[in-house]
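Here's the structure, in structure tokens; my notes come after.
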Amino acid sequence: MHLTINKVLGRYEVYNALYILNQNSSENIDLLDLSKVEVIEPFGMTMLLQLMEIFSVESIILPNANVTTYMIEANFFEFLSHDIKQETSLFPNSNKQFGTPLLGVHYIREKSDSDKALLSLLKQSSSVLKTELGFSDNDVADIISILSELLGNIPRHSQCHGYICGEICANERNKYLSVCISDTGIGIRKSLEPKRKTSQWDDSIALHTAVIEGVTRKQRGGLGFKGIRQKIATFKGNLFVKSGLSEIAVTGNDFFVLNSPYFPGTQLELQLPMKSSI
Amino acid sequence: MIGKTKVIELYNLVDSEILYTRPVGEEVRKKLVAEIHRASENTFIIDFKGIIVIDFSCADEIIAILQQDNKQIGNKRLLLTNLTEHHRENIEIAMKERKQAILTTDGILIGHLPSHLESLLATVIQKKSVTAREIADDSIDALAVASQKLRLLWSKGLAGRFQEKSSEGMQYIYTSLV
């Protein structure tokens with residue numbers, strides 16, 4: 001089948017693609033057409049990699065030069081697990097309209113991988129976070145602390161590898177930091193199976209249990225999602241956690257559980273808005 | 001009054017600006033304990049200079065557990081210094097989870113202490129050294145109660161003490177750590 005991705009490769013386009021792929025029950029993508037893509041958000045970048053791991057992609061039409069250059073600089077092509085026929089050739093553009101990625105794609109399997117990603121964010125990007133988003137040194141430390149705990153879930157729970165990627169994005173209202181962490185492991189429902197307290201157990205209940213009620217090993221775990229949510233709330237940020245057929249969106253004390261198209265493993269996105277004191 | 005003091009720079013023990021995960025915290029704690037056992041000093045100042053990030057797990061393993069069970073370090077005393085707001089927040093959470101408290105070198109208490117012990121601690125810090133008799137004389141507490149409270153403060157690692165002969169026999173002198 002042919003799969004075309006439109007202008008902004010973010011959550012909407014990824015979910016659209018997943019709906020189409022699930023409906024077709026196909027494991028093969030004959031042609032992945034990225035030629036219309038003008039922007040790739042972190043969620044789109046990591047999910048594109050994971051999609052290409054799960055589905056067999058025969059050939060790909062790359063985006064325009066600017067976007068492709070950005071993907072190269074974000075290390076995207078380093079992690080493609082197999083050769084894909086390119087319908088257009090890679091031609092790096094020194095124009096660099098997109099600038100250097102804030103946090104390029106990092107492969108996460110073990111703690112040493114997380115160390116590399118976190119140190120990269122700390123050493124190469126913390127000044128950008130301060131100037132562009134008005135974050136303080138304390139804020140940067142808190143962000144790294146949050147990400148360290150979220151990344152730790154991959155080797156601890158997923159039984160698989162994953163990826164992290166981050167960038168400063170913009171919408172009509174504001175600029176914000178977006179960081180996506182994704183794996184195609186066993187997912188939250190299966191991971192929490194031994195701790196289930198109800199006979200009804202599906203992705204939405206498992207997500208609610210993990211993210212809202214909080215399930216940590218008392219005095220042997222980290223802050224857990226509860227502590228992470230509290231820290232994100234101090235930023236007035238959002239947290240999205242998708243696993244299986246469900247997604248939970250958390251803003252402050254509010255949360256929404258939504259259906260979402262099936263994809264294995266767990267995908268998280270952290271969004272932290274610019275501080276208004278800039 | 002706090003005896004000999006030694007500064008331990010945490011960064012030199014770990015060689016990383018980012019401290020996270022429980023296994024890392026356990027490793028650091030073991031190195032810290034070994035360092036403290038090797039030294040002859042009574043009080044150790046843990047210097048956080050160079051540490052950018054410490055997560056809750058490491059704060060718990062390195063500081064809270066050690067303060068809760070200071071027999072691991074032969075009842076020697078710990079103080080913290082060069083803390084950022086980030087360090088303080090995560091250490092505070094860890095200390096409160098274990099109902100423990102620790103002092104910084106500028107006399108700030110981090111963690112949980114019941115109010116009657118908090119006011120007693122303030123008195124010890126202000127006076128630099130006290131006896132149970134002095135506390136009992138200045139308060140409504142009986143000598144036994146004052147003695148117990150001071151012993152509790154000492155057992156929580158928030159005061160030093162040494163024994164001295166007095167007209168009433170041997171007594172403990174409780175000393176401020178800051």
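Residue numbers start from 1 in every chain, and the chains themselves are labelled A, B, ... in the order their sequence lines are given, proteins ahead of strands. This one's a predicted model, so the numbers in the text were calculated from it and none came from an experiment.
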**Working for side chain to side chain contact (heavy atoms under 4.5 Å, CB included), residues A:Thr234 and B:Glu89** = CA-CA 13 Å; A:Thr234 66; B:Glu89 276 169 15; over 6 Å; no
**Message:** Taking side chain as everything from C-beta outward and backbone as N, CA, C, O, which of these in A:Ser114 sits under 4.5 Å from a heavy atom of chain B? Side chain, backbone, both or neither.
**Reply:** both
**Asked** Hey, is CG on B:Asp106 packed in by over 12 heavy atoms from elsewhere, all under 6.0 Å?
**Response** yes
**Request:** Assess the side chains of B:His86 and A:Asn138: does a donor N or O sit below 3.5 Å from an acceptor N or O?
**Result:** no
**Asked** In Å and rounded to the nearest 0.5 Å, what is the OG to CG distance from A:Ser148 to B:Leu19?
**Response** 10.0 Å
**Item:** Heavy-atom side-chain contact between A:Lys111 and B:Val24 under 4.5 Å
**Value:** yes
**Request:** Determine which residues belonging to residues 121-129 of chain A lie within contact range of chain B, meaning some heavy atom pair is under 4.5 Å apart, and list them by number or answer 'none'.
**Result:** A:Leu122, A:Lys123
**Request:** Heavy-atom distances under 4.5 Å only: say whether B:Ile54 touches chain A with side chain, backbone, both or neither.
**Result:** backbone
**Asked** Side chains of A:Ile144 and B:Ile18: closer than 4.5 Å at any heavy-atom pair?
**Response** yes
**Complete:** When rounded to the nearest 0.5 Å, the distance separating CG of B:Asp55 from CD of A:Glu149 is 6.5 Å
**Fill in**
Whatever's closer than 4.5 Å to a heavy atom in chain B on A:Asp115 counts as both
**Fill in**
Interatomic distance, CG@A:Leu147 vs OH@B:Tyr20, rounded to 0.5 Å, equals 10.5 Å
**Request:** Select all residues of residues 144-154 of chain B having any heavy atom within less than 4.5 Å of some heavy atom of chain A, and report them by number, or 'none'.
**Result:** none
